[in-house]
Q: 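Have a look at this one before I ask anything.
Order of appearance sets the numbers: ligands from 1, and atoms from 1 within every ligand.
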Amino acid sequence: MAQKIKNIAVLTSGGDAPGMNAAIRAVVRACSYYKVNCFGVYKGYEGLINNELEELNARSVRNIINKGGTFLKSARSKTFRTVEGRQKAHANLVKNNIDALVVIGGDGSFTGALKLSEEFNFPVVGVPGTIDNDINGTDYTIGYDTALNTVVDAIDKIRDTASSHNRLFLIEVMGRDAGDIALNSGIGAGAEEILIPEEDMGVERLIESLKKSKTTGKTSSIIVVAEGDTSGKNIFELGQYVENNLEGYEVRVSVLGHIQRGGTPSCFDRVLASKLGVGAVEALLDNKREVMIGIVHKKVTIVPLVDALKKRVHKHDKLIKVADITSV
Ligand code: F6P
C-alpha cells in the first residue's frame with residue numbers, strides 16, 4: 001500500500017510559458033481543498049538542489065491567474081542532469097518531508113522528473129507547460145494558445161508594413177523541434193508560406209511557389225519559419241537566398257523571439273492550467289506515479305511519463321493542406 005501523501009512540492013522548470021502561474025495556483029488550491037500541505041520550489045530543479053522551498057497556502061497564490069511568467073521562477077538546471085545534483089535534490093525533498101513532486105514544464109523537465117522517480121523511487125507527476133506544444137500524449141500544452149495569439153498579433157502588424165512597401169517578410173517563430181506555432185499562426189495570419197521542421201519543403205520549391213504567387217497578383221508576402229526549420233542555415237541566410245533568387249521583392253527578416261513567451265495568459269491557457277493542476281494533485285492522491293496529466297479531446301487524461309517523453313507523431317497533414325489551399 002502506498003504511503004499517504006501529506007506534503008506536495010511544486011516547481012516550474014525549463015522555458016517559462018504563460019499560464020504557469022495559473023497551474024501553480026491550481027496545484028496549491030487543490031492541495032488546500034484536499035487538506036494536503038503544499039510547498040513551492042523556487043527556480044526549478046536548481047532551487048531543489050539549493051533547498052529553496054517555501055510553504056504556500058491558498059492565499060499565497062491570489063492575483064496570479066492573470067500573470068504571465070512564473071512567480072516561482074524557472075531554470076534549465078545543468079546540475080540536475082548529474083547524479084550528484086539529483087542526489088542533493090532528493091536529500092532536500094526528504095529533509096523537508098515532501099512526499100511527492102509536481103513538475104510543470106516541457107520534455108527536458110519531464111526527463112529530469114523521470115530520473116528522480118527511477119533513481120530514488122520518488123513520486124512525481126508532470127504538467128505540460130511549454131509554448132511549443134510538443135509533448136506526446138496531450139493535445140495542448142500550457143502557454144501554447146497565448147503564444148499563438150501573440151504571434152498572430154505580431155504578424156498582423158508586420159503585414160501592414162509589408163504591404164505598404166511591397167516587401168517579402170520572413171518571420172521566425174519559436175519551435176525548436178515542432179512546427180505547431182508556425183503552422184497555426186501562419187494559417188491564422190494568412191501567411192503565403194510556412195516552413196516547419198517536420199516537413200522539408202526545400203528552397204527550390206519555396207522559390208517556385210513564391211514566383212507562382214507573384215504571377216497571381218500578390219505584391220507582398222509573409223513566410224513564417226519555425227526556429228527548428230532547416231531549409232536555410234539560418235533565417236538571415238535564407239532571406240538572402242530568397243532575395244538573390246526572386247525578382248521584384250525586397251526581403252526583410254523579423255525574429256519574434258522571447259516576446260512569444262511573455263504576456264497575459266489567454267482564457268484557454270488559464271482554464272487548461274487549472275484543469276491540469278487540479279488533475280496532478282488528484283492523480284497523486286489516487287496513488288498515480290510517474291505520470292503526466294494531459295488533455296485529449298477536451299478530457300483530462302493520465303499518461304505514463306515514459307510515453308509523454310516519446311517522440312510525438314505529428315498530425316499536421318490536414319493543416320498543411322489547409323495552408324496550401326488558403327494561400328493560393
Ligand atoms: O520553451 C521552449 C522554447 O521557447 C523554444 O521554443 C525555444 O527554442 C527555447 O525555449 C528558447 O530557450 P531559451 O529561453 O532558454 O533561450
Side-chain angles (χ1 to χ4, degrees), residues 11-24 42-47 67-81 103-113 126-155 170-186 188 194-199 224-236 238 253-266 269 272-273 276 292 294 308-309 311-312 314 316:
L11 60 79
T12 47
S13 163
D16 63 344
M20 278 186 164
N21 275 324
I24 299 166
Y42 289 93
K43 302 192 205 93
Y45 293 122
E46 210 55 31
K67 301 276 193 300
T70 156
F71 91 98
L72 286 178
K73 306 200 183 290
S74 192
R76 300 190 195 275
S77 174
K78 288 208 177 97
T79 324
F80 195 74
R81 289 190 207 149
V103 173
I104 306 168
D107 54 353
S109 311
F110 289 173
T111 303
V127 172
T130 162
I131 65 162
D132 288 357
N133 206 41
D134 60 349
I135 305 287
N136 193 42
T138 185
D139 290 344
Y140 298 105
T141 58
I142 298 165
Y144 168 63
D145 181 69
T146 307
L148 268 187
N149 286 303
T150 303
V151 171
V152 167
D153 184 54
I155 300 176
L170 278 86
I171 304 171
E172 186 185 277
V173 301
M174 279 189 171
R176 245 184 319 220
D177 309 305
D180 295 52
I181 296 180
L183 191 52
N184 286 276
S185 69
I194 302 167
L195 306 183
I196 56 173
E198 296 92 336
E199 281 278 321
V224 177
V225 185
E227 181 185 18
D229 179 74
T230 49
S231 304
K233 273 193 193 136
N234 64 51
I235 193 164
F236 293 98
L238 183 62
V253 171
S254 182
V255 177
L256 297 188
H258 286 77
I259 60 159
Q260 296 164 90
R261 288 237 299 261
T264 306
S266 65
D269 275 330
L272 176 67
L276 300 187
M292 175 189 82
L309 283 166
K311 201 171 160 42
R312 194 181 52 141
H314 77 81
H316 294 331

Q: For the residue pair Asn149 and Ser266, confirm or rule out a side-chain donor-acceptor distance under 3.5 Å.
A: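 Side chains of Asn149 and Ser266: no pair found under 3.5 Å.
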
Q: Arg76: which residues meet the side chain to side chain donor-acceptor pair (under 3.5 Å) condition with it, sequence neighbours left out?
A: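 With sequence neighbours excluded, Arg76 shows a side chain to side chain donor-acceptor pair (under 3.5 Å) to no residue whatsoever.
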
Q: One pair per line, please: each N/O atom of ligand 1 matched with every protein N/O atom under 3.5 Å away, atom names first, then the distance to 0.1 Å.
A:
residue, atom, partner, partner atom, Å
ligand 1, 4 (O), Arg261, NH1, 2.9
ligand 1, 6 (O), Asp132, OD1, 2.7
ligand 1, 6 (O), Asp132, OD2, 3.2
ligand 1, 6 (O), Gly175, N, 3.3
ligand 1, 8 (O), Glu227, OE1, 2.8
ligand 1, 8 (O), Glu227, OE2, 3.0
ligand 1, 10 (O), Arg76, NH2, 3.0
ligand 1, 10 (O), Arg261, NH1, 3.1
ligand 1, 12 (O), Arg76, NH2, 2.9
ligand 1, 14 (O), His258, NE2, 2.8
ligand 1, 14 (O), Arg261, NH1, 3.0
ligand 1, 14 (O), Arg261, NH2, 3.0
ligand 1, 15 (O), Arg76, NE, 2.9
ligand 1, 15 (O), Arg76, NH2, 3.3

Q: Please identify each residue that fulfils side chain to side chain contact (heavy atoms under 4.5 Å, CB included) with Gln260, with sequence neighbours left out.
A: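 Result, side chain to side chain contact (heavy atoms under 4.5 Å, CB included) vs Gln260: Ile131, Val151, Val173, Met174, Ile181, Leu256.
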
Q: Between Tyr42 and Phe71, what is the ring plane arrangement, given parallel below 30°, perpendicular above 60°, and tilted in between?
A: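 Plane angle over 60°, so perpendicular.
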
Q: Looking at residues at least two apart in the chain, or sitting in another chain, which of them share a side chain to side chain contact (heavy atoms under 4.5 Å, CB included) with Ser74?
A: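 Expected list: Thr12, Thr70.
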
Q: Does Asn133 reach the main-chain N or O of Thr141 with its side chain, forming a donor-acceptor pair under 3.5 Å?
A: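 Side chain of Asn133 to backbone of Thr141, a donor-acceptor pair under 3.5 Å: yes, one is there.
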
